[in-house]
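Okay, structure first, notes after.
Chain A is the first sequence line, chain B the second, and so forth, proteins listed ahead of strands; every chain is numbered from 1.
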Amino acid sequence: MSKYPFNEIEKKWQKYWEENKTFRTIEDESVPEEKRKYVLDMFPYPSGAGLHVGHPEGYTATDIYSRYLRMNGYNVLHPMGFDAFGLPAENYAIKTGTHPYTTTKKNMENFTRQLKSLGFSYDWDREIATCDPEYYHWTQWIFKKLFEKGLAYEASTPINWCPSCKTGLANEEVKEGHCERCGTKVEKKNIRQWILKITAYADRLLEDLDTLDWPESVKTMQRNWIGKSEGAAVFFKLENFDDTLEVYTTRCDTLFGATYMVIAPEHPLVSKLTTEEQKAAVEKYLEDTKHKSDLERTDLAKDKTGVFSGSYAINPVNGERIPIWIADYVLISYGTGAIMAVPAHDDRDWEFAKKFGLPIIEVLKSDVDVQTQAWTEDGIHVNSQWLDGLNKEDAINKMISWLEEHKCGHKAVNYKLRDWIFSRQRYWGEPIPLVHCPKCGTVAVPDEELPLTLPEVTKYEPSGTGESPLVNVPEWVDTKCPVCGAAAKRETNTMPQWAGSCWYYLRYIDPKNKDRFIDPEKEKYWMPVDLYVGGTEHAVLHLLYSRFWHKVLYDLGLVSTKEPFQRLVNQGMITSFAYQKKNKSLVPVDKVSEVAPGKFVETETGEEVTQVTAKMSKSLKNVINPDDFIRDYGADSVRMYEMFMGPLTESKPWATAGFMGVYRFLDRVWRIVTEKNIEDIGLDKELDKLMNKTIKKVSQDTETLNFNTAISQMMVFVNELNRLEIVPKKTLEILALLMSPYTPHIAEEMWALLGHEPSISKETWPVWDEKKCLDDEVEIVVQINGKLRSRIMMPHNADKKDVLEAVRNDEKTRQWTEGKTIVKEIVVPNKLVNIVVK
RNA sequence: GCGAGAGUGGUGGAAUUGGUAUACACGCUAGUCUUAGGAACUAGUGCUUCGGCUUAAGGGUUCGAGUCCCUUCUCUCGCACCA
């Protein structure tokens, strides 16, 4: 019994690669530009739990691709590092007093060990960690650039506050009203914040998406998040006041149907517009809404609430008085926080008008009675004086011209994207390099004082009052103004975790540079990233933020490309099996038995359960730890199985039985190499054909990241080799080369056993002979009326006439066509013949 | 509600421009062998009333549809009063 000694082989080659720095990458100028590739993984947060099975999936994919490219003559930059600032280490520090760096360092060491145990071909000399002062020196330096450019500003606005994490959050970090990280309900809190003006780049962030080779779903998500809408600003004169009320609308053509206006409860004109009679009602309403969370406000969407302010505006097109209401279905954060309501043609306005008895005027020809329901489809304008008879587009254009001519409005663009709340009231992040001077205002820390390092603290607990633990370190906070030298205080907020990941891909290019954040020559050598692989969870977080920073750096002439990541691929999630009862509740894996193939019952009750796929979770006992499988079956098996499971981009369940199939495959390969008769002989024609076909399929599928089908072709090839008494050496050499990106350890060992010098990763990728891939004889399928009736063998590229001749002589075909009229004969070369008969 | 994607054997999944549906792997059945191991090898394995029928369901285009078009259903993900 020959179990292949994966443990020994893998350790041996990992040591070899490390000692020989096999995968060190240098900027070799002799490599032409089109042969330089930057293949990047989303770097991990080094959590205490270590790698989960999702990590090796994307990392193996890029590793295979990188190794494949190198063997095809490319110079490949393939680095790895750690997104090392983050809350778990800090929360652990609060509980135990352990410095977050201690925890993080330990976790990084564990991650490094695990990553190395998988045999990834990273250039470890380029490793970075965002919490390293050498690294965040330049994060701070880039922040200063943003600050100097006026893209960072301080404001005290109501922001999303997580009471559990005790810090402010960016809009992007709030999911359905809850903290993305911990799931706690988010509150509104008014605190002083540093904010980055990402909205200044909204248009470019939107437009440049078109230039990217990214999954359409991610592009769509970013487009929706930026949420550009084109419409008009309309100014309404107010009765009894000099002010005007500005609204934003996409349908200014429906202005004749505006029967009331709504302003958000937070709108600055609320108190002014509230009349004496309405004061009590308005105050009560404001009090009520204030206590509703954002979530409640949106949850209660179906039931509209509001209160009349007592004041009126004047409709500019017809001089009508329109009542102004206050209601929380209008958000202060979008547009101007005020709307003109056209209840006949908007569901929300209609609902509100019905509830409060406001008039509904039809201005678009409707198929329904607008008094009973809103008509939200297009229609020809009616009751709109000089717009009557026009369609939507013409009416909008005409209205905008009219508004501009009469100085009561203009064309306008609006975005859903909000500026980026950038400060966090926590300890474990990059200190924001600013000083508050009573005389000079907010001043940046001079470049020569960077990095501004984190001071030691005794307590990591956030104050919870909106200040970071750094306020408790007077010797750090109290400083001198870099401009005037007067006593000043340091900014105590820190940067969010996203800051470090906004530019890490640049630092890999020049990780040890002490004088600048990146050498421009090296930057030009590698950028942009040619392939970026990672999970979909960063679709509008990291991937939007880093595009923003990159564009700022581009404007400053510090990088040469407009976009950082040319091609993005999202790996699918690796799920697991779980078992579901009739009532849809899930049963942990260890409480289920398989009573017949594919039939499962809950062991205790005997109740039948069905196998479903579900996320891995501790409670379902279906979490897979890659370390266990590496230990018991080897890294090559883990790598190959994760690629064999299915298409990279699909989510798919881990099946340990399926994993064993891949392990058995490698074991079989090992036995062929070590036990069979291997001779340096020529290949017979059929074997040569299969070998060439295999080279072709594996090459093409690796190129296009269809790793699962490349692996099945290797299996087909190995199954054939396994049948041979004497195996030609050549076939095993080719097999080792083809396998080497996928299962590099066993491939290195095979290469050595076949008498070659290491490393196989330095060898040239094999090429196939197209002529040898062709079959001399092909099977032609004979269909009668589209149904498969017979098959005949014909020479490859046989003449159409000869094929038809052979088909007519085919006995089975004759049985089906006898006594019938042949209407049509279709011949697909080398594939099939379809005879249409009557 | 809006947007994006997906439905193929008992299971994970294959199928160039529309051209043999179910490659490869798992599981299962039977046998051989044994250093009893999540071993190896051999044969079989979509359903079938043996006529045929099968790619979520129904319809359409076509000589021919898993693939293209329409309708419906189910699932996953994202956004959600965005004026």
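Judged by distance alone, the side chains of A:Tyr329 and A:Glu351 never bring a donor and an acceptor atom under 3.5 Å apart. A donor-acceptor contact closer than 3.5 angstrom links the side chains of A:Asp701 and A:Thr709.
Along RNA chain B, the nucleotide nearest A:Arg251 and the nucleotide nearest A:Gln713 are compared for position; the residue whose nucleotide lies closer to the 5' end is A:Gln713.
No hydrogens or angles were tested; on distance alone, a donor-acceptor pair under 3.5 Å links the side chain of A:Glu779 to the base of B:U20. You'll find a donor-acceptor pair under 3.5 Å spanning the side chain of A:Tyr633 and the base of B:G38, going by distance alone.
For B:G51, the O4'-C1' to base torsion is within 90° of 0; the nucleotide is therefore syn.
Atom NZ in A:Lys615 sits roughly 16 Å away from atom P in B:C75 (whole-Å rounding). The distance between atom OH of A:Tyr248 and atom C1' of B:A83, rounded to the nearest whole Å, is 8 Å. Atom-to-atom, CG of A:Asn570 to P of B:G78 comes out at 12 Å; the value is rounded to the nearest Å. Nucleotide B:C75 holds its P atom 17 Å from the CE atom of A:Met573, rounded to whole Å.
Residues A:Phe629 and A:Phe659 bring their aromatic ring centres within 6.0 Å.
Ion pairing between a basic and an acidic side chain is recognised when a charged N comes within 4.0 Å of a carboxylate O; A:Arg808 and A:Glu825 show such pairing. Look at A:Glu779 and A:Lys831 and you find no salt bridge, because none of the NZ, NE, NH1 or NH2 atoms lies under 4.0 Å from a carboxylate O.
Nucleic acid contact class of A:Ala655 (heavy atoms, under 4.0 Å, all strands): none. As judged by a 4.0 angstrom heavy-atom cut-off over every strand, A:Asp701 is placed among residues making no nucleic acid contact. Looking at heavy-atom distances under 4.0 Å, A:Val836 makes contact with sugar-phosphate atoms alone, never a base. No contact: A:Asp347 has no heavy atom under 4.0 Å from any strand. A:Pro215 comes within contact range of no nucleotide atom at all, as no heavy-atom separation falls under 4.0 Å.
Applying the side-chain contact (heavy atoms from CB on, under 4.5 Å) rule to A:Asn677 yields the partners A:Ile726; only residues at least two apart in sequence or on another chain are considered.
A close approach under 4.0 Å does occur between a side-chain nitrogen or oxygen of A:Arg668 and OP1 or OP2 of B:C41. Residue A:Lys824 has a polar side-chain atom (N or O) positioned under 4.0 Å from OP1 or OP2 of B:C63.
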Please convert RNA chain B into dot-bracket. A pair counts if it is Watson-Crick or G-U wobble with both distances under 3.5 Å; crossing pairs go in [ ] and bases paired with another strand get |. (((((((..(((......[....)))((((((.......))))))((....))..(((((..]....))))))))))))....

Show me, pair by pair, the donor-acceptor contacts under 3.5 angstrom made by side chains of residues 534-542 of chain A, not counting sequence neighbours?
{"from": "A:His542", "atom 1": "ND1", "to": "A:Ser501", "atom 2": "O", "distance (Å)": "3.4"}
{"from": "A:His542", "atom 1": "NE2", "to": "A:Tyr532", "atom 2": "OH", "distance (Å)": "2.7"}

